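First up is the structure itself, then whatever we jot down about it.
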Amino acid sequence: MKILIVDDEALARTRLRHLVDEIGPPCRVVGEADNGLDALHHCRQDAVDLVLMDIRMPGMDGLEAAASLAGLATPPAVIFVTAYDEHALAAFERHAVDYLLKPIRRERLQRAIEKAGRLNRPQLQALQALRGRQDEAYISVSFRGGLRRIPLSEVIYFQADHKYVTVCHGAGEALLEESLKSLEERFPQRLIRIHRNALIVRERLLGLKRLGSGTCAVSLAGSGAELEVSRRHLPEIRKLLRGRS
């Protein structure tokens, strides 16, 4: 059984690797990732039977990653590994094989892995069925010490400022640690870059307006903000607008 370990904490990944090594064959760790997006890339490039997945991670969290994995031709089984037991219901709603709370004992991990081996095929079918019901992408932001999901349909734009990215949505603003580049890679059909520090949701684009400085800014549905468009990205924005006329 080829296992991928996904956790944003290096020490947590090391401990899980040691536990899997103690369990021994047929279990074998074939890779590690520190966020959901990297886990998805890894599983696309190499066949993985089982993912030991943390839930609370920057950018694409474990719950969203598990749903995305279901879109693969042969998605792996998923065991969530986390310190936050309030996520249990959401984890099982995504048909996780099991749900382990940190700190993890080897015996408990071994039972979960054995369960994954027995249920691997039904697990794949359940994940594929789940993916078929997924009709809304979302992003995860920190909120009062926990995580809050914001549907992408409610997002208006993302703007970078130093190490943080601000997401402007229908109910206000929130901060996330995910980079604009990562967001652009995750949602290439939904987002378009207008500046090195800003992405907008394509369907929110209403038009362009001239600024006094000779530059242009976008008009966005749901927001009165005037976000500057760089010369580099202006042709693509104009092309998008022409395509709607």
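If you're wondering where the values come from, they're calculated on a predicted model, not measured in any experiment. Throughout, residue positions are numbered sequentially from 1 according to the sequence presented. When reading the values below, keep in mind they use all heavy atoms of this one structure, side chains included, and skip hydrogens, waters and symmetry mates.
By the 4.5 Å heavy-atom criterion applied to side chains, Val20 and Leu52 are counted as neighbours. For the pair Leu16 and Ile3, the minimum side-chain heavy-atom distance is 4.5 Å or more.
In this structure, Glu107 places its CD atom where more than 12 heavy-atom neighbours from other residues, nucleotides or ligands lie under 6.0 Å away. Summarising the local packing, CZ of Arg232 is surrounded by 12 or fewer heavy atoms from other residues, nucleotides or ligands at distances under 6.0 Å.
Here Thr166 contributes atom OG1 and Asp161 contributes atom CG; the two are 6.5 Å apart, rounded to the nearest 0.5 Å. Here the straight-line distance linking atom CG of Asp21 with atom CZ of Arg106 works out to 11.5 Å at 0.5 Å rounding. Note that the CG atom of Leu152 and the CD atom of Glu203 stand 7.0 Å from one another [nearest 0.5 Å]. Taken to the nearest 0.5 Å, the CD1 atom of Ile23 stands 4.0 Å off from the CD1 atom of Ile113. Rounding to the nearest 0.5 Å places CD1 of Ile156 at 13.0 Å from CG of Leu205.
One finds a salt bridge joining Asp7 and Lys102 here, because a Lys/Arg side-chain nitrogen approaches an Asp/Glu carboxylate oxygen to under 4.0 Å.
Taking the side chain to side chain donor-acceptor pair (under 3.5 Å) definition, one finds that Asn35 meets it with Asp38, sequence neighbours left out. Annotation: side chain to side chain donor-acceptor pair (under 3.5 Å) contacts of Glu32 (sequence neighbours excluded): Arg13, Arg17.
The nearest pair of heavy atoms linking Met57 to Met53 is CE-SD, 4.1 Å.
A donor-acceptor pair under 3.5 Å is absent between the side-chain atoms of Thr215 and the main chain of Leu211, judged by distance alone.
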